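Report on the following structure.
Small disclaimer: the values here were computed from a predicted structure and weren't measured.
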Amino acid sequence: MLSAVAARKAAKVAAEASFTPSSKPLSPPPAPSSSPKPTSASTSRNKLTLKRKPLSANVGPLKNKKAKVVHAFRNARYFDQGDLSNERSGVTLDGPSTSRIDVSSGSDSSSAEEMEIEMDIPPPVGLSSISMTKDKRAWSPSRPIPDSSDDNSEEPGPSGSYDPPSYLTSSTTRKPEPSALSTFRPVLNRNVYLVPENEYTTNPNARILVFQPNETLALVGTYSFCVLQGSLSLLGVTLSPSNTKHVVFALRSSPIPILSWTTLDRQGSCTFPIPPAIRQQAKTTAILIEYAATGVEGLGHICKVFENIFKPPRMPDAVPGVHLPGIHVINQGARDIHPFVLPTSWEAALASIDKRPDTELSSAPICLVKGPKKSGKSTLARTLVNRLLSRYRRVAFLECDLGQSEFTPGGLVALNLVENYTFGPPFTHPSLPYRAHYVGSISPRASPSHYLHSIQSLLETYRLDLQFPVLVDEPLPGDERIYDAIPLVVNTMGWNKGLGADLNARIEEFVDPSHTFEIDGAEERGWPAPIQSQHIPQVSTVMPFMQTRVKQCVKVEAVQTETTNTYHTATDHRHLNILSYFHAVFPELPTSSLVGPVFKQITVTSWDTSLPLCARYPYEVDYAQAFDRVYLTGPGYEDVVPSELTRVLNGAIVGLVSDGPANTFSRDIQSTSSLSYTPAEPPPDPTFSTCHGLALIRGIPLSVNPRSPHMHVLTPLPTGLLTQTRVLVKGEMELPIWGMLDFREDDEGKVAGVEKGHVPYLQWGKGEGVGGEKRRVRRNLMRKGQM
């Protein structure tokens, strides 16, 4: 049996014997005529010709040897030295469309078997310039085709030459140009004016900016502005001249708001004196802008994930000659900077709300927003509230999403009263709810009945107290918005499978909305079929007082993934929302809040981030006198015995609840020596209770009956509300790890001067023991009815 090396040598010797050198250069074969005449050679192409020589007696059994096949193409430039390449490869090319396999085995040609097979192989189309030899290749995804500009005299063959697509050639691929966010180019005393001291504001760094038609400006930072002249578009809302200063929180973890010039929507009044140089410029928009010192930037030092989100990413300030401390102008988009773009379907859907009602009783629309998670549902609900505030003085907002709440921290089902525009993500506007109920979890999976009962109770409160209020204050002069009717916006959760879909259906049945905004999601997200039409009118229903109303369902597109920030997860935003709540500074409440709910929006105006939570001064509360009842909700808490209650409450987040008259008798007969607690007791009835906010129990004696029953409590609630809270509700929510650390120690790992190895409830490194690892929950298993 001969080896492969011997067969290759025999083929080389046979090729040299058949090669005849010529002094003339090789020329390509002549092109075939248009009407070739049939010949004997052409008629026998499809025949296989086998030529065998007699085997030698000394040759042993032959091995199966794979033959190399090389195709000869017409006008192939890499085969101009055809015989030379054939000499190296051991293959004889016999015609432009014939491939011949010549296999020789054995050390001597006289004692070897020679086989020649002629096959008719049509020339491939578009590959005439590619060499098929082993030694040289023409093109691959990592190697571009060599330049052939020096070979201009050669004409391409019938099949042409192969040009690789541009997206496969790395040398010609170009990155897309970043989008221009700001077309406003500041020039001092032309479109930027200094503000005289004490005329508009006490801030000496305030400026007046004048926008020409179709100019835009993108800023990063915290700033406040008011419109002096013309109209301005911001986050889907058109603002007219007024003395109201709007606070904007523009950060890189959310879409950047764009200040855009727009045509005058409606007339407004601004009492600030406008310089004559600005007043003479027709069809322009003038705004007064300044830095808003709120202290919200300090949250980045507490939660390191959001550090420097109010600063541009390695980009210099693009405002030459104009100094605005704390505000940075962004001219072009970057990898982690995306502008807020209102989709066309959203604009068409919001336009249906702007229409004036025909009847007086239908002037308070009830809107419901639903859709899958990560589709822009919360952004649409926030934009809808801002759009309604252009027509109504107040808007009610019902939050049904426990994990991504808008005006309250997570775990609350809340009814909020909104009076001011919201220009920022949820953690920038924590507010006191008009009425709320604490579920204590980011999902209603563990207590769906309590979740639905809480929402139903809040809807009754809206219909009785807020929809058509009886006692309202008179509007301000020049304010033509509706003040005797309050619309409602309901934000549902993004859990749309199984139990979540059933809960959302029940919520929609309770709300009975006049306008439903449904965000169409991808089918892989579990949302139903794609949209068929944008406006689908439903069957008309009869309202109270014999008034009819037509339900309108509008389907809109989801937010594109490219326009959202993917560096921060929903858990990161939830943690930042909780930390923002505990570091917030609420204004003092009016005296009327001691009697009932405040008919006014109470929103945070500043944040105190000078000290971590472990170093702040707490309230020292005698829990035997201050609290009447303690409730534990969530899976596993029904097994907690009263003797372990203080250990459960130590370092826990609790809801401060004021109970109604239903538990007055039980409150009087309870013992004053310790906390009153009953295992597996249901939470307070939502009909007679309300949750004012959250608190952190930073320390509590571990003994059941201590000599001094005091606990240390941290809460941002005003002192007027603390006297109304008599019940503590503990749920599944816990304080994020960022809130337990001491950011003053930098990277040393200490907490309040204590070494990290001696800090209770915290452990650095890998966990030990059973239950020390991170809990993993599998939710990819489906029931038979869900398939």
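The ring of Phe407 has its center closer than 6.0 angstrom to the ring center of Phe397.
The pair Glu347-Arg387 meets the salt-bridge criterion, with a side-chain N (NZ, NE, NH1 or NH2) lying under 4.0 Å from an Asp/Glu carboxylate O. One finds no salt bridge joining Lys311 and Glu307 here, because no Lys/Arg side-chain nitrogen approaches an Asp/Glu carboxylate oxygen to under 4.0 Å. Classification of Asp465 and Arg435 as a salt-bridged pair fails, no side-chain N sitting under 4.0 Å from a carboxylate O.
Looking at heavy atoms from C-beta onward, Leu417 lies out of side-chain contact with Val395 at the 4.5 angstrom threshold. Using a 4.5 Å cut-off on side-chain heavy atoms (C-beta onward), Val418 and Leu389 make contact. Tyr451 is listed as a side-chain neighbour of Leu503, based on a closest heavy-atom distance under 4.5 Å. Between Leu368 and Leu488 there is no side-chain heavy-atom pair separated by less than 4.5 Å.
Under the 3.5 Å distance criterion, the side-chain polar atoms of Ser447 are left unmatched by any main-chain donor or acceptor of Pro444.
Under the ring pair (Phe, Tyr, Trp, His ring centres under 6.0 Å) criterion, Phe225 pairs with His246, sequence neighbours left out.
With rounding to the nearest 0.5 Å, the separation of OG1 in Thr646 from OH in Tyr623 is 7.0 Å.
Using bins of under 30°, 30° to 60° and over 60° for the plane-to-plane angle, the ring pair Phe427/Phe306 lands in the tilted bin.
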Inset, instruction - Show your reasoning for whether side-chain contact (heavy atoms from CB on, under 4.5 Å) applies to Ile330 and Leu219. - result: CA-CA 6 Å; Ile330 304 298; Leu219 302 174; over 6 Å; no
